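Numbering starts at 1 and runs along the sequence shown. Given the structure is predicted, the values throughout are model-derived calculations rather than measurements.
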Amino acid sequence: MSRKKRKSNPRNRKRNVKEFTPKHNTVVKNIEYYEGITVGELAQKCNRNASDVIKILFMLGNMVTINSMLDDESVELVCLEFNITPKKVDPLEEEDSLLDDEVDDPKDLKPRAPIVTIMGHVDHGKTTLLDSIRKTKVVEGEFGGITQHIGAYQVGVDGKLVTFLDTPGHEAFTAMRARGAKVTDLVVIVVAADDSVMPQTKEAVDHAKAADVPIIVAINKIDKPTANPDRVMNEMADLGLTPEEWGGDTIYVQTSAKLGTGIKDLLETILVLSEVKDLKANPNRIATGTVIEAKLDKGRGPVATLLIQNGTLNFGDFLVVGTTYGKVRKMTDDMGEEIKSALPSTPVEIIGLSEVPEAGDMFKVFDDEREARLLAQRRNQVKIEQERKQTSAMSLEELTQRIAEGEAKEIPMIIKADVQGSAEAVKASMEKLEVEDVRINVIRSTAGAISESDVMLAEASGAVIIGFNVRPDANVRKMAGDSGVSIRLHKVIYKALEEVESAMKGLLNPVFEEVVIGQAEVRQIYKASKVGTIAGCMVQDGKIIRDCNVRLIRDGIVVYDGKLGSLKRFQNDAKEVSAGYECGLTIENFNDIKEGDLVEAYKDQEVPIE
């Protein structure tokens, strides 16, 4: 009986790895390499087989594979064997690789939607204004009606698209507002007609001016009885935004987001300014842009909101985002609809990245996944090295400061937030808190749920964990309770700041002030061999309390300052003796008491820190 030929299992087949074949007629004398170069990449640069490099390193005692990363010493030893001069390229040069430095042919440029950033002070109606434009209820989803994240939305206006960025108005999110201004074409600064110009309004104006973009001022809440648009225009003119009707170049639009008044005028103004700017981009090229927001979703993993600034982002594209990389595995628009491609000026939410990027990071699409991965690794290595240098320099600076000012105190802190932008903002706000010689030391600030590793780090460093819009699970809570780690959870940032500031005040050395509680005159002296000098006194004012501090005053001069030794009323110990009563007392370690001396009792009372 003939035996059937077994089919080979594809899983058991040896993978066909395509190895670089050296060109024997080419002699390499010099090469450039970067941090973290692999064995295979070094062999290719040296025009050698990877097996030759592996053999040299094996003879030197290094067991490596074709994908092993090499340090500088190993690269130099291999090059020495091949008689090649290596030159290390500064990885910082790779930072420019995500910049959109490609010059487009004017023929390829197509009109794109304007990107409009809405800025202003907290509670001046920015989100409600955008809500009126979108005809949705965005503001109802925010805690306390305060926007906590950057929102990116695309709206159709008279058949044309406009992209809006809604930035938080709270003071803590200054960095996020600055990030919004960097990617914007127009800025709408919202000022409440009944509240006028506030500190965050001024910051918004500064960011818009720094971005060198046109500014439209929307005077909101004109429906209120206390509205005073003229006062707003005067105060904004003082900031350099002179209205057109006063001979300036800033357009002012009066609106009521609640009633919808002036919304059409605002949109028409945005379209007119956009047409003047003649905004264009090339959709027929690889996509580049900026991360608007990023978070770690429990079910989907790292999620990033990207704003495409040039090119077209397609499903399946490989991209580098800051120091991470990935493949676009799913892409949705601002309404949650899944899409396959996104044109310039379009905000999209993607999943497929290896890690959570930072808000404000640039991104760029690459043709090859391997190229994207290697670039992300190199950028990550640069970031780690910079953080190490920064941490080391800061430690030295702190050490010098502590020597100069005496022993300083600090609160180690771990910050976890639902999105990266909030984590950054909370960290920046915490580090700004100053209460004399107490400071905040943020040792970790990331997006995502509070994990067991966070608790372990907090236990090792004695840190407090601040959770912003995140909750720990039961295991993490138990672990924190067992290890004595404090987890503080918050939804609104200023409440977290108030709590931490109170904790900082509690760490300060208490401030005491002296309070005189009583005075007694020495009327008679008794000598006792075992006790010392006993003073028979009459309490003249206040009261004398057991264990209080006392001063012995003779002819208006303090002779001794110490502690009360004992206090008796007749033969019995007394807790206190009030004015008008006699008592007997002794002073610790002092016996030179004379008739006519005054004994002043006082105590140090702690003063609350404001």
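To the nearest 0.5 angstrom, Met413 atom CE is 4.5 Å from Ile466 atom CD1. Of the inter-residue distances, the one linking Ile493 atom CD1 with Phe468 atom CZ reads 5.0 Å to the nearest 0.5 angstrom. Taking CD from Gln154 and OG1 from Thr163, the interatomic distance works out to 4.0 Å, rounded to the nearest 0.5 Å. Expressed to the nearest 0.5 Å, how far CD1 of Ile465 lies from CG of Leu489 amounts to 9.5 Å. The CD1 atom of Ile263 sits 7.0 Å away from atom CG of Leu267, with the distance rounded to the nearest 0.5 Å. Between the CD atom of Gln254 and the CD1 atom of Ile219 there is a distance of 5.0 Å, given to the nearest 0.5 Å.
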Problem set entry | Stepwise side chain to side chain contact (heavy atoms under 4.5 Å, CB included) check, Met236 with Ile189 | CA-CA 10 Å; Met236 293 298 280; Ile189 296 179; 4.2 Å; yes
Problem set entry | Step-by-step side chain to side chain contact (heavy atoms under 4.5 Å, CB included) determination, Val217 to Met233 | CA-CA 9 Å; Val217 178; Met233 294 171 77; over 6 Å; no
For this session: List the steps and the verdict of side chain to side chain contact (heavy atoms under 4.5 Å, CB included) for Met479 and Asp482.
Result: CA-CA 5 Å; Met479 184 178 178; Asp482 294 342; 5.8 Å; no
Exercise. Step by step, would you call Thr446 with Val356 a side chain to side chain contact (heavy atoms under 4.5 Å, CB included)?
Worked result: CA-CA 9 Å; Thr446 55; Val356 179; over 6 Å; no
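Counting heavy atoms from C-beta on, the side chains of Ile270 and Phe164 come closer than 4.5 Å. Between Ile222 and Thr255, every side-chain heavy-atom pair lies at or beyond the 4.5 Å cut-off. Using a 4.5 Å heavy-atom threshold, the side chains of Val213 and Leu186 count as separate. Looking only at side-chain heavy atoms (C-beta outward), Pro347 and Ile292 stay at 4.5 Å or farther from each other. Residues Leu497 and Lys432 are not in side-chain contact: their nearest non-hydrogen atoms beyond the backbone lie 4.5 Å or more apart. Between Asp238 and Val197, the closest side-chain pair of non-hydrogen atoms is not below 4.5 Å. Contact check for Thr290 versus Gln309: side-chain heavy atoms found under the 4.5 Å cut-off. Residues Ile350 and Leu319 meet the side-chain proximity criterion, which asks for heavy atoms closer than 4.5 Å.
Within 6.0 Å of CZ on Arg488 lie no more than 12 heavy atoms contributed by other residues, nucleotides or ligands. With a 6.0 Å radius and a threshold of 12 heavy atoms from other residues, nucleotides or ligands, Lys277 has its NZ atom above the threshold.
Residues Thr184 and Ile115 share a closest heavy-atom pair of OG1-O, 2.8 Å. Between Ile308 and Ala342, the shortest heavy-atom contact is CD1-CB, 3.7 Å. Closest of all the heavy-atom pairs between Asp185 and Pro214 is O-CD, 3.3 Å. Considering every non-hydrogen atom in both Thr324 and Ser354, the closest pair reads OG1-OG, 2.6 Å. Ala447 and Leu296 get closest at one heavy-atom pair: O-CB, 4.2 Å. Taking every heavy atom of both residues into account, Leu161 and Ala113 meet most closely at O-CB, 3.2 Å.
Side-chain atoms of Asp361 come within 3.5 Å of backbone N or O of Glu358 as a donor-acceptor pair. Glu293 places a side-chain N or O within 3.5 Å of a backbone atom of Gly421 that can act as its donor or acceptor partner. Under the 3.5 Å distance criterion, the side-chain polar atoms of Ser132 are left unmatched by any main-chain donor or acceptor of Gly260.
Judged as a salt bridge (charged side-chain N to carboxylate O under 4.0 Å, His left out), not a single pair has a partner in residues 328-339 (not counting sequence neighbours). Evaluation of the salt bridge (charged side-chain N to carboxylate O under 4.0 Å, His left out) test over residues 442-456, restricted to residues two or more places apart or in two chains, returns Lys416-Asp454, Arg444-Asp454.
Considering only residues two or more places apart in sequence or on other chains, Thr242 meets the side-chain hydrogen bond (donor to acceptor under 3.5 Å, both in side chains) condition with none of them.
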